Protein chains: 2
Amino acid sequence: MVTMSDIAQRTGVTVTTVSNALTDRGRVSDATRSRILAVATELGYEVNLTARHLRMGRSDTIALIVPSVHDYFGEIADKLAVLAEATGRHLVLERTSALTESERAAITFQRLQMFDGVLLSAVGLDHDDVERARRRTPLVVLGERPMPATVDHVRLANEEGGRLATAHLLEHGARRVVVLGGSLSAEFGISHSRLVGWRQAHDDAGVPADPRLVVPVQDYDVRHARAALTALIADGVPFDAVFGVTDMIALGAMSALAEHGLRVPQDVQVVGFDNLLFSDFLVPRLTSVDPHSRELAATAMRLLEQRMSGADAAPEHVVNPVSLVVRGSTRAG
Amino acid sequence: MVTMSDIAQRTGVTVTTVSNALTDRGRVSDATRSRILAVATELGYEVNLTARHLRMGRSDTIALIVPSVHDYFGEIADKLAVLAEATGRHLVLERTSALTESERAAITFQRLQMFDGVLLSAVGLDHDDVERARRRTPLVVLGERPMPATVDHVRLANEEGGRLATAHLLEHGARRVVVLGGSLSAEFGISHSRLVGWRQAHDDAGVPADPRLVVPVQDYDVRHARAALTALIADGVPFDAVFGVTDMIALGAMSALAEHGLRVPQDVQVVGFDNLLFSDFLVPRLTSVDPHSRELAATAMRLLEQRMSGADAAPEHVVNPVSLVVRGSTRAG
DNA sequence: CCGCGGAGGTTTATCGATCAATCTGGTTCC
DNA sequence: GGAACCAGATTGATCGATAAACCTCCGCGG
């Protein structure tokens, strides 16, 4: 490993001068500077970021801590990475597999220290965990759980999304809309908030909302989604539409429907939420609530920049707008 | 920020003793140790990993550098993370968006230094880049490009996978199999190696392989895949099956086929490659080549462990076996 | 009474880079 | 001629933790 000290010896100056030359700080004559640069390239020197981090207290790195990377958050990550690079910073991802233990591990101060700022999407952390993390590092929380008022938070307009999706179904003839992944007992999270929109749409349309059509899905997993809808069919509960609270769940639903010979959208209409990249390629193309992830990423990054700059602005709770993308899985498409 | 020095002052011992007490090294009396621990908890001390990293030369962190996280690599990452944690290490992800520039940035020594080991899946790096990186940090390369013999490398049995997929199609009546995402001009990479398997299967079956059925797809992107197959249909080139060189490409193909009223598998059979999580949920379920990613992850981690342990074992080039998962998108399903 | 060994610490150096303060010759200007 | 100034360096401390070498009692055997 080549250090500044090696360069200093070879050029006959001190380490400080080398540092100044390489970082363009302080006063260094052109002659000395070019000698130093030449030797640096010759030896193949590269700065030790760990040492710099220790000394400067900055790592120019931002962490995105998320439950999983192969769905919604993976798409968000792509957008965030670009924004981070634009300000000379670097984005790394940590995945917690939605385990509270992993999440706790990820937000220990030890880990948080490594980064100038943290974007956190937690599923299992409570207010205390988040509050502790916030006091230790610039933090912006993403996601659909309620958060302490003290922390910057960006979430989606889940109720509105649920309402849009359900209203669209009702407008096109559906009368019994399953909300797959919803939950009557949850008090927060997407199972709750997107369900609220579902209920709202029924109220608006004057259609009764049957609680039997609220079908929970464990872990929002596509497998469990298919199983849950299959069970509903087996139970003989009649329905003519499915609102999947995520696109993955909607995918599971479409799979279950196909297994039972039910056609989409003729027999059952389907709407998802997240508008994932692949949703436009399903057969039929999936109508879905778009989370406007570009705006969401921009907002999150703006808030984080603000925190990192040390400004003690009041914490913001931003609700990102959503809109419905209509495609072939509903009768209007 | 609370440091060991703060604890040392409060307990009246030196920093070294604090370090020894907290890490269970050296000699510290039980009385002193418990006093130190008590003060540490009281002050809310947490070790500064950056300082430790600088001093120890270890970060207990492994990086997985990949083009994108929302497909195949996202699923690999999940498996690798578990294996890393098992040895007390931590996995972080870096995405390069398949841009050679980002990849170069990711493998500068500066970045690589941050990690004890690196798992790299590069699409645009040449031998020199990789060779340079290898000399600087424990490195294992994943992926389907040819690699210098000096570096540990895990790749898939692409030819075999392509052969399996194509043979399966030919066995079930297909005679004109499009290889979507293949390329006649590529000399390596999946466009080449999976095409080799396609050709092999034709030779084995004594069916002529029409070069007009080799249809390249830019960036292996689902959008481009759909467009490419649509163009093929418009050109009036007859075909009765599609081998998509990735599941994403197969998805694009299924979408294009549906748009033109072609039924899968009755009119056109489809096979993919990667066996992504969602592929089992498409309608019809997608027959796909499974990359055995659990084994792949285990192999990669084993090689990396070996490198990190400093053993100068000869570099291994491992070819991970694949197998065909037959589902409804082919006529046997 | 001397010397030895070990428990329980402390001292000092180190990792590599950065920063504030300081030193050293020249020049310039009045 | 001397004060003021400046370019171009250097010194020394620092970030926080760790490792190796060293010191200091204390008890104990000979």
Side-chain angles (χ1 to χ4, degrees), chain A residues 1-37 39-40 43-61 88 108-116 136-137, chain B residues 1-37 39-40 43-61 88 108-116 136-137:
Chain A
M1 158 173 294
V2 184
T3 73
M4 285 194 175
S5 155
D6 298 329
I7 301 178
Q9 285 186 0
R10 285 269 288 236
T11 46
V13 294
T14 58
V15 175
T16 303
T17 301
V18 173
S19 172
N20 284 335
L22 294 178
T23 55
D24 231 2
R25 270 184 298 252
R27 280 192 286 263
V28 184
S29 68
D30 286 352
T32 311
R33 180 188 311 280
S34 47
R35 247 172 52 237
I36 290 174
L37 290 178
V39 173
L43 299 182
Y45 169 82
E46 299 209 42
V47 66
N48 182 326
L49 290 180
T50 306
R52 175 180 284 173
H53 181 192
L54 177 60
R55 185 66 237 261
M56 309 255 279
R58 268 192 314 117
S59 60
D60 290 327
T61 302
T108 57
F109 193 24
Q110 308 188 356
R111 293 277 174 69
L112 297 185
Q113 278 175 326
M114 305 295 284
F115 310 108
D116 292 351
R136 300 181 147 171
T137 191
Chain B
M1 158 173 296
V2 184
T3 73
M4 286 195 174
S5 155
D6 298 329
I7 301 179
Q9 286 187 358
R10 284 268 288 237
T11 45
V13 295
T14 58
V15 175
T16 302
T17 301
V18 174
S19 172
N20 284 335
L22 294 178
T23 56
D24 232 1
R25 269 184 298 253
R27 282 189 288 261
V28 184
S29 69
D30 286 352
T32 310
R33 180 188 310 280
S34 49
R35 248 173 50 237
I36 290 174
L37 290 177
V39 173
L43 299 182
Y45 169 82
E46 299 207 43
V47 66
N48 182 328
L49 291 180
T50 305
R52 175 179 284 173
H53 180 191
L54 177 59
R55 183 65 237 256
M56 309 254 282
R58 270 192 313 118
S59 61
D60 290 326
T61 302
T108 58
F109 193 24
Q110 309 188 356
R111 292 277 170 67
L112 297 185
Q113 278 175 325
M114 305 294 284
F115 310 108
D116 292 351
R136 300 181 148 171
T137 191

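Letters go in sequence order (proteins before strands), and every chain restarts at 1. The model shown is predicted, which means the values in this text are computed figures rather than measured ones.
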Produce a footprint string for nucleotides 14-21 of chain D: one letter per nucleotide, 5' end first; B if the base is under 4.0 Å from any protein heavy atom, S if only the sugar-phosphate is, - if neither. BBBBBBB-

Considering just the side-chain nitrogens and oxygens of B/Thr32, establish if one lies under 4.0 Å of OP1 or OP2 belonging to C/dG8. no

May I have the distance from B/His53 (atom NE2) to C/dT14 (atom P), rounded to whole angstrom? 20 Å

Phosphate oxygens OP1/OP2 of D/dA7: is one of them under 4.0 Å from a side-chain N or O of A/Ser29? no

Tell me, which pairs form a salt bridge (Lys or Arg N to Asp or Glu O under 4.0 Å) where one or both residues lie in residues 12-32 of chain A, sequence neighbours left out? A/Asp24-A/Arg33

Only counting residues at least two apart or in another chain, list the ones meeting side chain to side chain contact (heavy atoms under 4.5 Å, CB included) with A/Met4. A/Val15, A/Val18, A/Ser19, A/Leu22, A/Tyr45

Specify the separation, in whole Å, of atom CZ of A/Arg27 and atom C1' of C/dT24. 12 Å

Who are the side-chain hydrogen bond (donor to acceptor under 3.5 Å, both in side chains) partners of A/Asn20, not counting sequence neighbours? none

Any side chain to side chain donor-acceptor pair (under 3.5 Å) involving residues 1-13 of chain B? Give me the pairs, sequence neighbours left out, ordered by first then second residue. B/Arg10-B/Glu42

Across all chains, not counting sequence neighbours, the side chain to side chain contact (heavy atoms under 4.5 Å, CB included) partners of B/Ser34 are none

Regarding B/Thr17, tell me which of base, sugar-phosphate or nothing describes its non-hydrogen contacts under 4.0 Å with the strands shown. base

How long is the line joining CD1 of A/Ile36 and C1' of C/dA17, in whole Å? 14 Å

Are any non-hydrogen side-chain atoms of B/Met114 and A/Thr50 less than 4.5 angstrom apart? yes

How many whole angstroms separate atom CZ of A/Arg33 from atom P of D/dG8? 9 Å

